[in-house]
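What follows is a set of notes on a single structure, which appears directly below.
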Amino acid sequence: MISRNFFGKKDNPELNKRLPPGQYIEKSFPVLTAGPTPPVDLNTWKFEIRIGENIDHSWSWEEFMSLPKIKIHTDIHCVTKWSKFDTNWEGVSLDTIFEKVKDLNKYHYLMAYCYGGYTTNLPLEDTQNGQAMIATTFEGENLSPEHGGPARLVVPKLYFWKSAKWIQGIQLMEKNKAGYWEQYGYHNYGDPWKEQRYWND
Ligand SMILES: Nc1nc2c(c(=O)[nH]1)N[C@H]1C(S)=C(S)[C@@H](COP(=O)(O)O)O[C@H]1N2
Ligand SMILES: [Mo]
């Protein structure tokens with residue numbers, strides 16, 4: 001039998017260093033969704049920036065695809081304890097998106113909201129300076145629907161529930177507010193290195 005440790009901690013100190021506490025290395029790519037995969041139509045797809053309830057800026061799929069792209073090579077960490085190493089994503093940096101926003105520094109948090117209704121909250125500063133992207137490809141292929149295609153948020157430094165699939169937009173907020181899982185007991189911040197899984201961690 002090949003145990004989880006076969007690929008993990010015990011055998012390889014280099015990999016061990018990259019594995020946050022309580023995590024194991026997963027080779028496959030599990031799908032974790034609260035509910036079914038929502039239908040998303042590229043003809044009507046929009047990516048929006050909201051300020052309060054107002055849409056401050058929006059991009060059609062064509063407009064979005066013409067934005068400059070970045071690539072991220074990273075490890076990802078799910079709160080259900082799997083970590084996946086060396087994943088490759090391509091998409092639009094949130095820095096590019098935020099260039100459109102006047103007075104960005106008035107806001108300190110954001111709520112990512114999705115086709116299908118999922119939401120998750122993040123501090124703005126943790127999504128700046130190359131730390132977050134709206135990914136449209138995974139390992140060189142268009143992002144598959146079950147993993148959030150056509151486009152998802154990727155914020156690798158935080159637990160993967162913060163990486164909202166089927167993203168529709170980002171609402172900028174002055175004050176923090178709990179998203180979907182955060183209301184049900186997941187940590188407001190979610191740092192895997194501090195094992196911030198639940199409210200009191
Ligand atoms: N829209 C949406 N995004 C979501 C979720 C979801 O249920 N709906 N699940 C989150 C959780 S809990 C995890 S661990 C990751 C899983 O991403 P994956 O299915 O690509 O592995 O997506 C996150 N983003
Ligand atoms: Mo998750």
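Here, residue 1 is the first one in the sequence, and each next residue gets the next number. As the structure lists them, so they are numbered: ligands from 1, and atoms in each ligand from 1.
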Short N or O distance, Cys78 and ligand 1, threshold 3.5 Å exclusive: no
Proximity flag Phe29 to ligand 1, non-hydrogen atoms under 4.0 Å: yes
In this structure, does ligand 1 have an atom that sits under 4.0 Å from one of the heavy atoms of Trp82? yes
Closest candidate by heavy atom, reference atom 18 (P) of ligand 1, pool His147, His77, Glu26: His147
Check whether Gln183 reaches the backbone of Tyr180 with its side chain - one donor and one acceptor, N or O, closer than 3.5 Å. no
Does Phe160 approach ligand 1 within less than 4.0 angstrom via side chain, backbone, both or neither, non-hydrogen atoms only? both
Would you call Arg152 a ligand 1 contact, heavy-atom distance under 4.0 Å? yes
Considering only the protein, which heavy-atom contact is closest to atom 9 (N) of ligand 1, and what is its distance? Leu32 O, 3.1 Å
Step by step, work out the ring-ring contact (aromatic ring centres under 6.0 Å, His included) result for Tyr186 and Trp181. CA-CA 5 Å; Tyr186 278 18; Trp181 282 122; 5.2 Å; yes
Would you mind reporting whether Thr96 and Pro68 have side-chain heavy atoms less than 4.5 Å apart? yes
With the threshold set at under 4.0 angstrom, would you say Gly116 reaches ligand 1 through any of its heavy atoms? no
Give me the nearest non-hydrogen protein atom to atom 11 (C) of ligand 1 as residue plus atom name, then the distance to 0.1 Å. Trp161 CA, 3.5 Å
